[in-house]
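Input: a single structure, listed below in structure tokens.
Throughout, a chain's letter reflects where its sequence line sits, starting with A, and its residues are numbered from 1.
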Amino acid sequence: NMKVHYKLTYFYIRGRGEPIRMLFHLAGVQFEDKRLQLEDWPKLKNSTPFGSLPMLEFDNQQLGQSQAITRYLATRFGLSGRTPMEEAQVDALADCIVDFLNAIDEFHLVAVGLVSGSKGELYERVFTPAKDKLLMIMKKQLKKNGSGWLVGNSITSVDLHLGCCVEQMMDESGKDGGEILKGFEEIREHQRKVFSHPRIVPYIENRPYSPF
Amino acid sequence: MPLYKLSYFEERGLGEVSRQLFHLSGTPFWDNRIPFDHWPRIKEYTPFGQVPILCVDGEELPQSFAIARYLANQFGFAGKSAFESAWVDALADQHKDYLNEIKPFLMVANGFAEGDKEKMMNEMAKPSIRKYFTILEKQAKDNGSNGYFVGNSITWIDLVVSDHMGVIETLVPNAFDGFPLVEAVRQKITSEPKLKEWIEKRPET
């Protein structure tokens, strides 16, 4: 396969771009990791497919939407599941993570300082039930699958997705793993597996800091 | 041929696109429609506590779009190249973002929540519809105004949008004024013989 030049554009935060960055590092594929400051966004917005980021560019083509980008790359890199059913399971679990992110949107906007509000109240009413619902699904899946990874016998894109999501849970809530993952030992172990992967460790150690 | 069972409520909702994929491809399946009052009893036995669920030779798969994508891939309605498939996925993701925006309006309009339906329609639903359908209109145009959103044949995003338009037009008058190419996709899709037949005979919901 000819060497493709990939360029990933996202904001200068982890957010919805981080699992994709990790995917490139996990696969050992080079890419241009474009991190945009917020003030540069208005200029770029109209030249993106959907007026949003992340955006992937390669071969004079553009692709928007984080899940579509993840799925496209993971399939190219062999990290999307080994059979059609495994691929679909990866998709389904990723959709649950997106459902969770949508469910906590009210909390998220206050937690990252975009909207004013009562973070404590939103943590109890909005964040915690959604967090427990997602982690219960993931715990059930980890137990059922039995390999330590969410789907199949090896790491897939949705393992990265969950890893980043749990990090985000801790960053935005300001609570540590002890509280967030209480009763979810399987997820704690999963975090450890993802973040000690030999291709992920050097990336984590060298990536630019962002609060979330 | 695998044994397929699709479980969903007695409505179109998130299950309809998958039902349509079975009918379009001429694939037999058990269209398992769950009455609302049965749901509380069976919910805890489902993988994620939600429907739709697809069961393929005994293996369960949740999440409406993961199911649709899986069936579309099996039956040839997912785009003809990897990049086309990715664009179908991207539009489907955009559709979900849009649904998320208008969800509060839909909840009120369908009687599941209290609120000022008129106000929400004007302040929330109409702008979101405009924003999303502008993207769809442009996509239909960029794709060659051929009656499909991606490529030269039906993909599952054509089905998702067409069915959704049927929902919105009962709630928001003139919702699709100014989007002739999107309307053209819906016309083309709903006149596809196998789909037309299903739409005519399916339960009224």
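By number of non-hydrogen pairs under 4.5 angstrom with chain A, the leading residue of B:R69, B:K131, B:Q74 is B:R69. Contacts with chain A were tallied for B:L91, B:L61, B:I135; B:L61 has the most, counting heavy-atom pairs under 4.5 Å.
A salt bridge does not link A:D159 to A:K193: none of the charged side-chain nitrogens sits closer than 4.0 Å to a carboxylate oxygen. Ion pair A:E86/A:R82 flagged as a salt bridge, since at least one NZ, NE, NH1 or NH2 atom sits closer than 4.0 Å to an Asp/Glu carboxylate oxygen. A salt bridge is absent between A:K34 and A:E57; no separation between the charged side-chain nitrogens and carboxylate oxygens falls under 4.0 Å.
When heavy atoms are compared at a cutoff of 4.5 Å, A:K144 does not approach chain B at all. Contacts of A:F50 with chain B are made by both backbone and side-chain atoms, with heavy-atom separations under 4.5 Å. Proximity to chain A is limited to the side chain of B:V56, based on heavy atoms less than 4.5 angstrom apart. For chain A, the nearby part of B:K96 is the side chain; its heavy atoms alone come within less than 4.5 Å. Contact of B:D142 with chain A is not made at all, since no heavy-atom distance falls under 4.5 Å. Neither the backbone nor the side chain of B:L54 comes within contact range of chain A, judged by heavy atoms closer than 4.5 Å. With a 4.5 angstrom heavy-atom cutoff, B:F83 touches chain A via backbone and side-chain atoms both. At a 4.5 Å heavy-atom cutoff, B:N73 makes no contact with chain A through either its backbone or its side chain.
Looking only at atom types and distance, the side chain of B:H23 has no donor-acceptor partner in the side chain of B:E197 under 3.5 Å away. Side-chain N/O atoms of A:D99 and B:Q63 include a donor and acceptor closer than 3.5 Å.
If you run ring pair (Phe, Tyr, Trp, His ring centres under 6.0 Å) between A:F31 and each of A:F77, A:F24, A:Y10, A:F58, only A:F24 comes through.
Between B:W156 and B:F65, the ring centre distance stays below 6.0 Å.
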